[in-house]
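The model shown is predicted, which means the values in this text are computed figures rather than measured ones.
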Amino acid sequence: MNIIKGSLEEKDINIAIVVSRFNEIITDKLLKGAWDFLLSKEISEDKIKIYQVPGAFEIPLAAEKLASLKKYDAIIGLGAVIKGETPHFDFVSAAAANGILNTSLKYGVPVIFGVLTTNTIKQALERSGGESNKGVDCAQTALEMISLLKKID
């Protein structure tokens with residue numbers, strides 16, 4: 001078998017992170033996880049741009065605008081949508097997921113879905129800190145996808 005996969009060794013790349021301000025106690029931790037991981041992989045701070053949007057619903061629009069510029073090798077979308085008593089959760093989380101997917105497919109650039117969709121704040125806190133930080137996972141995914149796409153011919 002000839003399996004082609006991405007690596008975590010990409011260094012001279014430009015990354016955009018679009019992070020939601022809503023549920024900031026969660027999204028700040030996601031951002032820190034992604035930021036720290038990228039720096040640990042020797043990606044220069046000036047190659048990482050952070051764009052803050054009001055909420056998860058706005059992530060796809062900012063990501064699409066950034067993807068259209070064709071200057072970022074990957075875009076990471078970070079947010080947190082926590083289920084409440086109304087269907088608002090369903091609409092926001094579906095819109096964020098679909099918008100991120102569509103942007104990635106439209107522009108051929110990895111747009112990573114780092115929007116936590118949890119039932120409780122406790123679940124969101126568990127996924128944004130400690131041993132499990134979805135921000136770290138998303139940064140890893142971004143590097144792997146950048147590398148993999150360069151190998152597809």
Side-chain angles (χ1 to χ4, degrees), residues 6-8 10-11 13-41 43-84 87-121 123-150 152:
S7 74
L8 299 176
E10 296 294 322
K11 290 183 184 17
I13 55 174
N14 292 298
I15 302 273
I17 301 174
V18 180
V19 61
S20 167
R21 190 176 67 244
F22 197 77
N23 288 320
E24 203 164 32
I25 190 169
I26 308 297
T27 60
D28 281 353
K29 292 178 182 190
L30 295 172
L31 177 59
K32 180 168 178 18
W35 177 263
D36 289 349
F37 178 81
L38 293 170
L39 293 182
S40 78
K41 291 298 181 181
I43 297 171
S44 174
E45 284 186 29
D46 65 325
K47 298 284 193 169
I48 308 166
K49 300 290 188 246
I50 300 166
Y51 299 88
Q52 189 178 62
V53 295
F57 191 82
E58 290 77 29
I59 292 172
L61 178 58
E64 181 156 343
K65 177 67 175 179
L66 291 165
S68 75
L69 299 175
K70 300 191 185 301
K71 69 185 226 180
Y72 294 103
D73 298 288
I75 300 163
I76 301 169
L78 300 174
V81 184
I82 301 167
K83 193 165 193 151
H88 184 76
F89 168 90
D90 299 315
F91 296 115
V92 173
S93 52
N98 290 330
I100 288 170
L101 170 64
N102 290 335
T103 298
S104 191
L105 295 173
K106 179 177 178 179
Y107 291 97
V109 63
V111 183
I112 311 304
F113 183 71
V115 179
L116 298 180
T117 55
T118 62
N119 291 316
T120 66
I121 292 174
Q123 290 174 339
L125 287 168
E126 289 169 354
R127 287 160 179 78
S128 64
E131 292 185 28
S132 175
N133 186 315
K134 187 67 174 171
V136 173
D137 296 344
C138 290
Q140 290 174 336
T141 299
L143 294 185
E144 285 186 50
M145 287 303 296
I146 292 167
S147 173
L148 176 65
L149 291 176
K150 288 179 179 182
I152 295 174

- Message: Less than 4.5 Å apart, side chain to side chain, heavy atoms only: is that true for I15 and I146?
- Response: yes
- Item | From I112 atom CD1 to Q140 atom CD, the distance as rounded to the nearest 0.5 Å | 11.5 Å
- Message: With heavy-atom distances below 4.5 Å as the criterion, would you say the side chains of L101 and F113 are in contact?
- Response: no
- Message: Do V92 and V115 make a side-chain contact, defined as non-hydrogen atoms from C-beta onward lying under 4.5 Å apart?
- Response: no
- Could you check if a side-chain atom of L8 sits within less than 4.5 angstrom of a side-chain atom of E144, using non-hydrogen atoms only? yes
- Message: Looking at N14, is its backbone amide N or carbonyl O close enough to the side chain of D73 to form a donor-acceptor pair, meaning the two atoms are under 3.5 Å apart?
- Response: yes
- Task: Give a yes or no on whether the backbone of L143 and the side-chain of S147 come within a donor-acceptor separation of less than 3.5 Å.
- Result: no
- With rounding to the nearest 0.5 Å, note down the distance linking CG in L31 to CD1 in I26. 13.5 Å
- Task: Could you pull out the closest heavy-atom pair between A96 and A56, with the gap in Å?
- Result: CB-O, 3.7 Å
- Query: Can you tell me if S20 uses its side chain to pair, donor with acceptor, with the backbone of G79 under 3.5 Å?
  - Reply: no
- Any V19 side-chain heavy atom under 4.5 Å of L30 side chain: no
- Query: Are there more than 12 heavy atoms of other residues, nucleotides or ligands under 6.0 Å from atom NZ of K47?
  - Reply: yes
- Message: Quick check against the 3.5 Å criterion: does S104 have a side-chain atom that pairs as donor or acceptor with the backbone of V109?
- Response: yes
- Side chain proximity check, I152 to L149, heavy atoms < 4.5 angstrom: yes
- Message: Can you confirm whether F37 is buried at CZ, in the sense that more than 12 heavy atoms of other residues, nucleotides or ligands lie under 6.0 Å from that atom?
- Response: yes
- How about R21 and E58: do any of their side-chain heavy atoms sit closer than 4.5 Å? no
- Item | Value rounded to 0.5 Å, distance of CG in L125 from NZ in K29 | 5.0 Å
- Query: Take atom CD1 in I25; do more than 12 heavy atoms of anything else shown fall under 6.0 Å from it?
  - Reply: no
- Quick one: closest heavy-atom pair of A34 and L78, and the distance? CB-CD1, 4.3 Å
- How far does OG of S44 sit from CD1 of I13, to the nearest 0.5 angstrom? 11.0 Å
- Query: What are the two closest heavy atoms between K83 and D90, and how far apart are they?
  - Reply: NZ-OD1, 4.4 Å
- Message: How long is the straight-line distance from CD1 of I17 back to CD1 of I59, given to the nearest 0.5 Å?
- Response: 11.5 Å
- Item | Check: V18 and V111 side chains under 4.5 Å, non-hydrogen atoms | no
- Given T27 and E24, is the side-chain contact (heavy atoms from CB on, under 4.5 Å) satisfied, shown in steps? CA-CA 5 Å; T27 60; E24 203 164 32; 4.2 Å; yes
- Query: Does atom CD1 of I121 have more than 12 heavy-atom neighbours, drawn from other residues, nucleotides or ligands, at distances under 6.0 Å?
  - Reply: no
- Query: Looking only at heavy atoms, which two atoms of I82 and A124 are closest? And how far apart?
  - Reply: CD1-CB, 4.1 Å
- Message: With a sphere of 6.0 Å drawn around NZ of K71, does it hold more than 12 non-hydrogen atoms of other residues, nucleotides or ligands?
- Response: no
- Message: For the CZ atom on F22, are there more than 12 heavy atoms of other groups (residues, nucleotides or ligands in this structure) within a distance under 6.0 Å?
- Response: no
- How many angstroms lie between OH in Y51 and CD1 in I75, if you round to the nearest 0.5 Å? 9.0 Å
